[in-house]
Engineer: 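Sending over a structure as C-alpha coordinates; questions will come in a sec.
Atom set for the values below is all heavy atoms of this structure, side chains included, hydrogens, waters and symmetry mates excluded. In this text, all values refer to a predicted model and were calculated from it rather than measured experimentally.
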Amino acid sequence: MFSASLEYAQSLDQTDVLFSFRERFLIPQHNDSDALYFCGNSLGLQPKSVSYLMQAELNDWAKYGVEGHFQARNPWFSYHKLFTERLAKLVGAKTNEVVAANTLTVNLHLLMLSFYRPKGNRYKILMEAGAFPSDQYAMETQVRMYGYDPNDAIIELSPKEGCHTLDEEDIMTAIEAAGDSLALVMMGGVNYYTGQLFNMEQITKAAHRVGAYAGFDLAHAVGNVLLSLHDWSVDFACWCSYKYLNSGPGGVGGIYVHEHHAANPSVFRLGGWWGNDEQSRFKMEKGFLPKPTAESWQMSNAPVFNMVAHHASLDIFDKAGMEALKEKSQLLTGYLLYLLDQINNLPFEVITPRNPSQRGCQVSLLFKDRGRETFEALSAQGVIADWREPNVIRVAPVPLYNTFEDVYRFYEILRGI
Ligand SMILES: *Cc1c(COP(=O)(O)O)cnc(C)c1O
(Lines give C-alpha, C1' and ligand atoms only; values in the text may rest on other atoms or scores of the structure.)
Protein backbone atom coordinates (compact mmCIF):
# COMPACT_ATOMS: atom_id res chain seq x y z
CA MET A 1 0.00 0.00 0.00
CA PHE A 2 2.99 2.31 0.53
CA SER A 3 5.12 3.83 -2.18
CA ALA A 4 8.79 4.84 -2.14
CA SER A 5 8.64 8.40 -3.38
CA LEU A 6 8.96 11.86 -1.93
CA GLU A 7 5.55 12.88 -3.33
CA TYR A 8 3.92 9.93 -1.63
CA ALA A 9 5.61 10.72 1.69
CA GLN A 10 4.46 14.33 1.41
CA SER A 11 0.92 13.20 0.68
CA LEU A 12 0.94 11.23 3.94
CA ASP A 13 2.08 14.38 5.75
CA GLN A 14 -0.79 16.32 4.20
CA THR A 15 -3.38 13.95 5.62
CA ASP A 16 -1.62 13.62 9.01
CA VAL A 17 -3.90 15.13 11.68
CA LEU A 18 -0.91 15.55 14.00
CA PHE A 19 1.27 17.32 11.43
CA SER A 20 0.98 20.73 13.11
CA PHE A 21 2.46 19.42 16.39
CA ARG A 22 5.94 19.59 14.85
CA GLU A 23 5.56 23.38 14.96
CA ARG A 24 5.61 23.25 18.74
CA PHE A 25 9.20 21.94 18.89
CA LEU A 26 12.66 23.34 18.22
CA ILE A 27 14.28 21.14 15.57
CA PRO A 28 18.12 20.91 15.62
CA GLN A 29 19.72 22.38 12.49
CA HIS A 30 22.14 20.95 9.97
CA ASN A 31 23.54 23.30 7.28
CA ASP A 32 20.77 25.82 7.98
CA SER A 33 17.90 23.41 7.59
CA ASP A 34 16.12 20.96 9.85
CA ALA A 35 18.23 17.93 10.73
CA LEU A 36 16.59 14.52 10.41
CA TYR A 37 16.13 13.93 14.12
CA PHE A 38 15.45 10.28 15.02
CA CYS A 39 16.72 10.37 18.59
CA GLY A 40 13.54 11.10 20.53
CA ASN A 41 14.07 7.73 22.22
CA SER A 42 17.24 9.12 23.75
CA LEU A 43 16.55 12.81 24.24
CA GLY A 44 13.25 14.32 23.14
CA LEU A 45 13.18 17.77 21.54
CA GLN A 46 12.51 21.02 23.35
CA PRO A 47 8.95 22.35 23.23
CA LYS A 48 9.07 26.02 22.16
CA SER A 49 6.89 26.94 25.14
CA VAL A 50 9.57 25.91 27.64
CA SER A 51 11.58 29.09 27.42
CA TYR A 52 8.76 31.49 28.34
CA LEU A 53 7.35 29.11 30.96
CA MET A 54 10.83 28.92 32.51
CA GLN A 55 11.10 32.70 32.41
CA ALA A 56 7.76 32.95 34.21
CA GLU A 57 9.07 30.81 37.10
CA LEU A 58 12.29 32.85 37.25
CA ASN A 59 10.19 36.01 37.38
CA ASP A 60 8.05 34.63 40.19
CA TRP A 61 11.15 33.63 42.13
CA ALA A 62 12.55 37.16 41.68
CA LYS A 63 9.23 38.74 42.63
CA TYR A 64 8.16 36.59 45.58
CA GLY A 65 11.17 34.77 46.99
CA VAL A 66 9.92 32.15 49.45
CA GLU A 67 6.34 33.39 49.11
CA GLY A 68 6.35 31.84 45.66
CA HIS A 69 5.56 28.51 47.29
CA PHE A 70 2.00 29.82 47.58
CA GLN A 71 1.94 33.07 45.56
CA ALA A 72 3.53 32.01 42.27
CA ARG A 73 1.04 31.56 39.42
CA ASN A 74 1.84 27.84 39.65
CA PRO A 75 2.47 27.55 43.41
CA TRP A 76 5.67 25.58 43.95
CA PHE A 77 4.31 23.89 47.05
CA SER A 78 2.16 21.67 44.87
CA TYR A 79 3.82 22.16 41.47
CA HIS A 80 3.99 18.40 40.79
CA LYS A 81 0.21 18.13 41.18
CA LEU A 82 -0.29 20.35 38.13
CA PHE A 83 0.21 17.39 35.85
CA THR A 84 -0.74 14.36 37.94
CA GLU A 85 -3.88 13.85 35.91
CA ARG A 86 -2.04 13.98 32.57
CA LEU A 87 0.64 11.65 33.80
CA ALA A 88 -1.98 9.20 35.06
CA LYS A 89 -3.70 9.22 31.68
CA LEU A 90 -0.42 8.64 29.85
CA VAL A 91 0.37 5.45 31.77
CA GLY A 92 -3.21 4.25 32.27
CA ALA A 93 -3.35 4.75 36.02
CA LYS A 94 -5.50 6.50 38.60
CA THR A 95 -4.35 9.88 39.86
CA ASN A 96 -3.50 8.41 43.29
CA GLU A 97 -1.14 5.93 41.61
CA VAL A 98 1.39 8.29 39.99
CA VAL A 99 3.80 11.03 40.90
CA ALA A 100 6.58 12.89 39.09
CA ALA A 101 9.60 12.78 41.39
CA ASN A 102 13.30 11.99 41.70
CA THR A 103 14.99 10.33 38.73
CA LEU A 104 14.65 6.93 37.10
CA THR A 105 17.42 4.86 38.67
CA VAL A 106 16.77 6.40 42.07
CA ASN A 107 13.10 5.50 41.75
CA LEU A 108 14.01 1.98 40.69
CA HIS A 109 15.93 1.58 43.94
CA LEU A 110 13.21 3.20 46.06
CA LEU A 111 10.55 0.95 44.56
CA MET A 112 12.69 -2.14 44.95
CA LEU A 113 13.13 -1.28 48.62
CA SER A 114 9.35 -1.60 48.81
CA PHE A 115 8.77 -4.52 46.46
CA TYR A 116 11.93 -6.59 46.60
CA ARG A 117 11.81 -7.99 50.13
CA PRO A 118 13.52 -11.36 49.80
CA LYS A 119 12.60 -13.92 52.43
CA GLY A 120 13.48 -17.59 52.83
CA ASN A 121 13.37 -19.39 49.52
CA ARG A 122 11.74 -16.45 47.73
CA TYR A 123 14.59 -14.15 46.74
CA LYS A 124 15.07 -14.31 42.98
CA ILE A 125 14.60 -11.56 40.41
CA LEU A 126 13.81 -12.32 36.80
CA MET A 127 14.94 -9.77 34.21
CA GLU A 128 15.90 -9.61 30.53
CA ALA A 129 19.55 -10.37 29.72
CA GLY A 130 21.37 -7.36 28.32
CA ALA A 131 19.13 -4.86 30.11
CA PHE A 132 20.14 -1.21 30.25
CA PRO A 133 23.34 -0.89 32.33
CA SER A 134 21.75 1.20 35.08
CA ASP A 135 19.07 -1.45 35.60
CA GLN A 136 21.69 -4.20 35.70
CA TYR A 137 23.69 -2.32 38.34
CA ALA A 138 20.53 -1.66 40.34
CA MET A 139 19.50 -5.34 40.40
CA GLU A 140 23.03 -6.49 41.17
CA THR A 141 23.47 -4.18 44.13
CA GLN A 142 19.96 -4.79 45.46
CA VAL A 143 20.55 -8.54 45.73
CA ARG A 144 24.03 -7.97 47.17
CA MET A 145 22.53 -5.72 49.83
CA TYR A 146 20.62 -8.75 51.17
CA GLY A 147 23.72 -10.94 50.97
CA TYR A 148 22.89 -12.89 47.80
CA ASP A 149 25.15 -13.75 44.91
CA PRO A 150 23.83 -12.02 41.76
CA ASN A 151 24.68 -15.11 39.67
CA ASP A 152 22.26 -17.08 41.79
CA ALA A 153 19.62 -14.51 42.66
CA ILE A 154 19.20 -12.92 39.23
CA ILE A 155 17.64 -14.98 36.46
CA GLU A 156 18.50 -13.42 33.10
CA LEU A 157 16.33 -14.26 30.12
CA SER A 158 18.06 -14.51 26.76
CA PRO A 159 16.58 -14.87 23.28
CA LYS A 160 16.63 -18.31 21.69
CA GLU A 161 19.74 -19.29 19.71
CA GLY A 162 19.79 -17.28 16.51
CA CYS A 163 17.07 -14.84 17.67
CA HIS A 164 17.46 -11.25 18.78
CA THR A 165 14.28 -10.82 20.77
CA LEU A 166 12.61 -12.76 23.55
CA ASP A 167 9.89 -15.26 22.86
CA GLU A 168 6.80 -14.44 24.94
CA GLU A 169 6.26 -18.12 25.68
CA ASP A 170 9.81 -18.39 27.01
CA ILE A 171 9.13 -15.56 29.46
CA MET A 172 6.02 -17.35 30.76
CA THR A 173 7.88 -20.64 31.04
CA ALA A 174 10.78 -19.06 32.93
CA ILE A 175 8.41 -17.43 35.43
CA GLU A 176 6.61 -20.72 36.03
CA ALA A 177 9.91 -22.60 36.35
CA ALA A 178 11.19 -20.13 38.93
CA GLY A 179 7.95 -20.67 40.88
CA ASP A 180 8.05 -19.82 44.55
CA SER A 181 11.75 -18.90 44.46
CA LEU A 182 10.71 -15.81 42.50
CA ALA A 183 10.29 -12.56 44.43
CA LEU A 184 10.13 -10.12 41.53
CA VAL A 185 9.84 -9.91 37.75
CA MET A 186 11.54 -6.66 36.76
CA MET A 187 11.70 -5.89 33.05
CA GLY A 188 11.72 -3.03 30.61
CA GLY A 189 8.35 -2.24 29.02
CA VAL A 190 10.17 -1.75 25.72
CA ASN A 191 13.73 -3.08 25.47
CA TYR A 192 16.09 -0.16 24.85
CA TYR A 193 18.32 -2.10 22.45
CA THR A 194 15.96 -4.12 20.28
CA GLY A 195 12.84 -1.99 20.66
CA GLN A 196 10.82 -5.09 21.62
CA LEU A 197 7.58 -4.27 23.46
CA PHE A 198 6.70 -6.84 26.09
CA ASN A 199 3.22 -8.02 26.97
CA MET A 200 3.13 -6.45 30.41
CA GLU A 201 -0.34 -7.71 31.21
CA GLN A 202 0.59 -11.35 30.58
CA ILE A 203 3.90 -11.03 32.40
CA THR A 204 2.17 -9.48 35.41
CA LYS A 205 -0.43 -12.25 35.51
CA ALA A 206 2.27 -14.90 35.31
CA ALA A 207 4.28 -13.23 38.09
CA HIS A 208 1.21 -13.04 40.31
CA ARG A 209 0.39 -16.71 39.68
CA VAL A 210 3.67 -17.72 41.33
CA GLY A 211 3.30 -15.15 44.10
CA ALA A 212 5.86 -12.64 42.79
CA TYR A 213 5.53 -8.92 42.11
CA ALA A 214 5.82 -7.44 38.62
CA GLY A 215 7.57 -4.11 38.05
CA PHE A 216 8.53 -2.38 34.81
CA ASP A 217 11.09 0.17 33.75
CA LEU A 218 9.13 2.23 31.25
CA ALA A 219 11.98 4.48 30.04
CA HIS A 220 11.36 3.43 26.43
CA ALA A 221 7.65 2.80 26.73
CA VAL A 222 6.13 5.93 28.25
CA GLY A 223 4.96 8.36 25.57
CA ASN A 224 5.74 5.69 22.97
CA VAL A 225 3.16 2.94 23.44
CA LEU A 226 -0.28 2.64 25.03
CA LEU A 227 -0.14 1.67 28.70
CA SER A 228 -2.88 0.48 31.09
CA LEU A 229 -0.85 -0.12 34.23
CA HIS A 230 -3.81 -0.13 36.59
CA ASP A 231 -5.97 -2.49 34.55
CA TRP A 232 -3.01 -4.79 33.97
CA SER A 233 -2.55 -4.92 37.78
CA VAL A 234 1.12 -3.98 37.43
CA ASP A 235 2.53 -3.59 40.94
CA PHE A 236 4.93 -0.73 40.27
CA ALA A 237 6.75 1.08 37.48
CA CYS A 238 9.13 3.96 36.93
CA TRP A 239 10.31 5.99 33.97
CA CYS A 240 12.32 9.01 32.93
CA SER A 241 10.86 12.05 31.22
CA TYR A 242 13.66 13.14 28.90
CA LYS A 243 13.22 10.49 26.20
CA TYR A 244 9.81 10.38 24.50
CA LEU A 245 8.44 12.82 27.06
CA ASN A 246 10.66 15.72 25.91
CA SER A 247 11.26 17.11 29.39
CA GLY A 248 14.92 18.00 29.03
CA PRO A 249 18.25 16.38 29.98
CA GLY A 250 18.10 14.77 33.41
CA GLY A 251 14.41 15.67 33.66
CA VAL A 252 12.30 14.52 36.59
CA GLY A 253 11.38 10.84 36.80
CA GLY A 254 7.99 9.20 37.29
CA ILE A 255 6.57 6.61 39.66
CA TYR A 256 3.53 4.38 39.48
CA VAL A 257 2.39 2.19 42.37
CA HIS A 258 -0.87 0.26 42.22
CA GLU A 259 -3.37 1.80 44.63
CA HIS A 260 -3.79 -1.35 46.68
CA HIS A 261 -0.09 -1.19 47.58
CA ALA A 262 0.04 2.59 47.94
CA ALA A 263 -2.89 2.56 50.37
CA ASN A 264 -1.47 -0.34 52.36
CA PRO A 265 0.57 1.06 55.28
CA SER A 266 2.40 -2.25 55.69
CA VAL A 267 4.11 -1.73 52.29
CA PHE A 268 7.45 -0.33 53.42
CA ARG A 269 8.69 2.93 51.94
CA LEU A 270 11.56 5.21 52.88
CA GLY A 271 10.29 8.42 54.37
CA GLY A 272 10.79 12.03 53.41
CA TRP A 273 8.75 15.11 54.25
CA TRP A 274 6.95 15.32 50.91
CA GLY A 275 5.84 11.71 51.19
CA ASN A 276 4.29 12.39 54.57
CA ASP A 277 0.65 13.15 55.18
CA GLU A 278 0.15 16.86 54.36
CA GLN A 279 -1.83 17.73 57.50
CA SER A 280 0.90 16.57 59.86
CA ARG A 281 3.93 17.41 57.69
CA PHE A 282 4.66 20.70 59.40
CA LYS A 283 3.67 19.76 62.92
CA MET A 284 7.26 18.62 63.51
CA GLU A 285 6.07 15.56 65.38
CA LYS A 286 7.84 12.25 65.37
CA GLY A 287 6.66 9.39 63.20
CA PHE A 288 6.57 9.14 59.38
CA LEU A 289 2.97 8.95 58.23
CA PRO A 290 3.06 7.98 54.55
CA LYS A 291 0.35 9.35 52.28
CA PRO A 292 -1.86 6.50 51.06
CA THR A 293 -0.87 7.32 47.45
CA ALA A 294 2.12 7.08 45.11
CA GLU A 295 3.16 10.51 46.38
CA SER A 296 4.51 8.78 49.49
CA TRP A 297 7.54 7.77 47.39
CA GLN A 298 8.20 11.40 46.48
CA MET A 299 10.42 12.33 49.45
CA SER A 300 11.54 15.84 48.50
CA ASN A 301 9.76 18.99 47.47
CA ALA A 302 9.21 19.47 43.74
CA PRO A 303 12.27 20.45 41.61
CA VAL A 304 10.30 23.21 39.89
CA PHE A 305 12.80 24.28 37.21
CA ASN A 306 13.27 20.64 36.34
CA MET A 307 9.52 20.27 35.98
CA VAL A 308 8.75 23.22 33.75
CA ALA A 309 9.55 21.31 30.55
CA HIS A 310 7.68 18.29 31.87
CA HIS A 311 4.62 20.43 32.46
CA ALA A 312 4.88 21.91 28.95
CA SER A 313 5.40 18.57 27.28
CA LEU A 314 2.58 16.77 29.09
CA ASP A 315 0.33 19.57 27.94
CA ILE A 316 1.28 18.77 24.34
CA PHE A 317 0.73 15.04 24.87
CA ASP A 318 -2.67 15.79 26.31
CA LYS A 319 -3.64 17.84 23.25
CA ALA A 320 -2.37 15.25 20.78
CA GLY A 321 -3.72 12.21 22.67
CA MET A 322 -1.92 8.88 22.99
CA GLU A 323 -4.45 7.05 20.78
CA ALA A 324 -3.82 9.38 17.84
CA LEU A 325 -0.07 9.30 18.47
CA LYS A 326 -0.07 5.53 18.49
CA GLU A 327 -2.00 5.41 15.25
CA LYS A 328 0.43 7.75 13.51
CA SER A 329 3.38 5.98 15.08
CA GLN A 330 2.37 2.65 13.60
CA LEU A 331 1.95 4.17 10.16
CA LEU A 332 5.20 6.17 10.37
CA THR A 333 7.33 3.25 11.58
CA GLY A 334 5.47 0.95 9.19
CA TYR A 335 6.53 3.26 6.37
CA LEU A 336 10.14 3.20 7.57
CA LEU A 337 10.13 -0.62 7.61
CA TYR A 338 8.59 -0.68 4.15
CA LEU A 339 11.28 1.66 2.79
CA LEU A 340 14.10 -0.37 4.37
CA ASP A 341 12.71 -3.41 2.57
CA GLN A 342 13.12 -1.58 -0.75
CA ILE A 343 16.91 -1.47 -0.36
CA ASN A 344 18.67 -4.38 -2.07
CA ASN A 345 21.41 -6.38 -0.35
CA LEU A 346 20.89 -4.83 3.05
CA PRO A 347 24.14 -4.74 5.05
CA PHE A 348 22.02 -4.91 8.21
CA GLU A 349 19.17 -6.80 9.77
CA VAL A 350 16.12 -5.24 11.42
CA ILE A 351 16.06 -6.82 14.88
CA THR A 352 12.96 -4.99 16.12
CA PRO A 353 9.82 -7.13 15.89
CA ARG A 354 7.76 -6.28 12.80
CA ASN A 355 4.47 -6.96 14.53
CA PRO A 356 3.12 -3.54 15.65
CA SER A 357 1.87 -5.08 18.92
CA GLN A 358 5.46 -5.97 19.80
CA ARG A 359 7.17 -2.64 19.24
CA GLY A 360 6.82 1.11 19.55
CA CYS A 361 8.31 3.58 17.08
CA GLN A 362 11.97 2.57 17.42
CA VAL A 363 13.65 0.39 14.80
CA SER A 364 17.04 -1.16 15.55
CA LEU A 365 19.36 -2.00 12.66
CA LEU A 366 21.99 -4.62 13.44
CA PHE A 367 24.97 -4.27 11.10
CA LYS A 368 27.09 -7.21 10.02
CA ASP A 369 29.98 -4.86 9.36
CA ARG A 370 30.70 -1.19 8.71
CA GLY A 371 27.97 -0.15 11.12
CA ARG A 372 30.04 2.58 12.70
CA GLU A 373 31.08 3.96 9.27
CA THR A 374 27.48 3.99 8.12
CA PHE A 375 26.47 5.80 11.27
CA GLU A 376 29.14 8.44 10.73
CA ALA A 377 28.15 8.89 7.09
CA LEU A 378 24.52 9.37 8.17
CA SER A 379 25.59 11.97 10.74
CA ALA A 380 27.62 13.86 8.15
CA GLN A 381 24.45 14.20 6.07
CA GLY A 382 22.33 15.57 8.88
CA VAL A 383 20.77 12.40 10.25
CA ILE A 384 20.73 12.36 14.04
CA ALA A 385 20.27 8.72 15.05
CA ASP A 386 21.91 6.73 17.77
CA TRP A 387 24.77 4.27 17.87
CA ARG A 388 24.80 1.41 20.38
CA GLU A 389 27.78 -0.86 20.83
CA PRO A 390 28.62 -3.28 19.43
CA ASN A 391 26.87 -2.72 16.09
CA VAL A 392 23.37 -1.28 16.26
CA ILE A 393 21.92 1.93 14.86
CA ARG A 394 18.64 2.87 16.52
CA VAL A 395 16.22 5.03 14.55
CA ALA A 396 13.11 6.37 16.24
CA PRO A 397 10.60 8.30 14.12
CA VAL A 398 8.58 10.08 16.80
CA PRO A 399 4.96 10.79 15.86
CA LEU A 400 4.85 14.14 17.71
CA TYR A 401 7.43 15.84 15.54
CA ASN A 402 8.77 13.52 12.83
CA THR A 403 7.22 13.56 9.37
CA PHE A 404 6.81 10.98 6.64
CA GLU A 405 9.11 13.19 4.59
CA ASP A 406 11.80 12.83 7.31
CA VAL A 407 11.51 9.07 7.01
CA TYR A 408 11.68 9.18 3.23
CA ARG A 409 14.76 11.45 3.26
CA PHE A 410 16.44 9.13 5.73
CA TYR A 411 15.81 6.23 3.35
CA GLU A 412 17.32 8.14 0.43
CA ILE A 413 20.45 9.03 2.39
CA LEU A 414 20.85 5.48 3.70
CA ARG A 415 20.36 4.02 0.23
CA GLY A 416 23.01 6.44 -1.09
CA ILE A 417 25.48 5.24 1.53
C1 LIG B 1 17.41 5.87 29.87
C2 LIG B 1 17.34 4.73 30.78
C3 LIG B 1 17.81 4.82 32.09
C4 LIG B 1 18.46 6.08 32.60
O5 LIG B 1 18.41 6.20 33.99
P6 LIG B 1 18.56 7.63 34.71
O7 LIG B 1 18.47 7.27 36.13
O8 LIG B 1 17.44 8.49 34.21
O9 LIG B 1 19.88 8.21 34.32
C10 LIG B 1 17.67 3.70 32.91
N11 LIG B 1 17.11 2.57 32.45
C12 LIG B 1 16.64 2.46 31.19
C13 LIG B 1 16.01 1.18 30.72
C14 LIG B 1 16.77 3.52 30.31
O15 LIG B 1 16.34 3.40 29.05
Side-chain angles (χ1 to χ4, degrees), residues 28 30 35-44 127-137 139-140 156-167 170-171 187-198 217 219-221 224-225 240 242-244 332-356 358-398 402 406-417:
H30 175 81
L36 296 174
Y37 194 80
F38 294 114
C39 247
N41 58 335
S42 192
L43 189 79
M127 67 187 293
E128 75 243 66
F132 195 86
S134 206
D135 301 55
Q136 291 192 41
Y137 303 146
M139 303 302 136
E140 174 200 326
E156 289 197 3
L157 275 179
S158 299
K160 279 196 177 72
E161 231 355 82
C163 295
H164 299 288
T165 51
L166 283 171
D167 190 310
D170 289 351
I171 303 175
M187 295 185 59
V190 171
N191 181 274
Y192 84 102
Y193 190 73
T194 63
Q196 180 179 16
L197 164 63
F198 296 114
D217 179 332
H220 283 267
N224 178 24
V225 297
C240 54
Y242 47 83
K243 292 172 178 167
Y244 294 105
L332 193 62
T333 295
Y335 189 47
L336 171 61
L337 289 168
Y338 163 83
L339 290 173
L340 293 175
D341 285 341
Q342 308 310 305
I343 306 177
N344 294 323
N345 302 320
L346 286 181
F348 57 79
E349 184 184 344
V350 173
I351 58 170
T352 306
R354 298 227 161 209
N355 181 345
Q358 291 180 2
R359 60 169 164 79
C361 69
Q362 174 189 320
V363 172
S364 301
L365 314 178
L366 175 69
F367 280 75
K368 298 174 186 90
D369 52 37
R370 291 187 299 139
R372 184 84 218 182
E373 285 155 82
T374 307
F375 178 73
E376 273 155 20
L378 285 167
S379 304
Q381 296 186 61
V383 174
I384 303 179
D386 159 304
W387 172 254
R388 285 287 130 168
E389 294 294 346
N391 43 17
V392 161
I393 296 178
R394 301 186 304 176
V395 187
V398 165
N402 281 122
D406 284 346
V407 167
Y408 180 78
R409 290 196 185 280
F410 168 74
Y411 152 75
E412 273 203 326
I413 292 171
L414 185 64
R415 199 176 52 155
I417 294 168

Engineer: Within the structure provided, determine whether Ile384 and Leu36 are in side-chain contact (heavy-atom separation under 4.5 Å).
Structural biologist: no
Engineer: Within a strict 4.5 Å, meaning less than it, do heavy atoms of the Asn41 and Val190 side chains meet?
Structural biologist: no
Engineer: Compare every heavy atom of Leu157 with every heavy atom of Asp170, then report the nearest pair and how far apart it is.
Structural biologist: O-CD2, 4.3 Å
Engineer: Heavy atoms, side chains only, cut-off 4.5 Å: are Tyr37 and Leu43 in contact?
Structural biologist: yes
Engineer: Do Gln358 and Thr165 make a side-chain contact, defined as non-hydrogen atoms from C-beta onward lying under 4.5 Å apart?
Structural biologist: no
Engineer: Please report the shortest heavy-atom distance between His30 and Gln381, naming the atom on each side.
Structural biologist: NE2-C, 3.6 Å
Engineer: With a 3.5 Å distance limit and no angle check, can you tell me whether Asn224 reaches the backbone of Cys361 through a side-chain donor-acceptor pair?
Structural biologist: yes
Engineer: Where do Gly360 and Val225 come nearest, in terms of heavy atoms and distance?
Structural biologist: CA-CG1, 3.6 Å
Engineer: Please report the closest heavy-atom contact between Lys368 and Leu346, naming both atoms and the distance.
Structural biologist: NZ-O, 3.7 Å
Engineer: What residue pairs, at least two apart or across chains, pass side-chain hydrogen bond (donor to acceptor under 3.5 Å, both in side chains) with a residue in residues 335-348?
Structural biologist: Asp341-Arg354
Engineer: Between the main-chain N or O of Ala131 and the side-chain N or O of Gln136, is there a donor-acceptor pair closer than 3.5 Å?
Structural biologist: yes
Engineer: With no hydrogens and no angle check, is any side-chain donor or acceptor of Ser364 less than 3.5 Å from a backbone partner on Tyr193?
Structural biologist: yes
Engineer: Once side-chain hydrogen bond (donor to acceptor under 3.5 Å, both in side chains) is applied, do any residues pair with Thr194, and if so which ones, sequence neighbours excluded?
Structural biologist: Asn191
Engineer: Is the backbone N or O of Leu166 less than 3.5 Å from a side-chain atom of Gln196, with the two atoms forming a donor-acceptor pair by type?
Structural biologist: yes
Engineer: What closest approach, in Å, do Val363 and Leu365 show between heavy atoms, and which atom pair accounts for it?
Structural biologist: CG1-CD2, 3.7 Å
Engineer: Find out whether Leu414 and Thr374 are in side-chain contact, i.e. whether some heavy atom of one side chain is under 4.5 Å from a heavy atom of the other.
Structural biologist: yes
Engineer: Tell me whether the rings of Phe38 and Phe410 are parallel (<30°), tilted (30 to 60°) or perpendicular (>60°).
Structural biologist: perpendicular
Engineer: Of all residues at least two apart in sequence or in a different chain, which pass the side-chain contact (heavy atoms from CB on, under 4.5 Å) check with Glu389?
Structural biologist: Arg372, Trp387
Engineer: Can you label the angle between the Tyr244 ring and the His220 ring as parallel, tilted or perpendicular, going by 30° and 60°?
Structural biologist: perpendicular
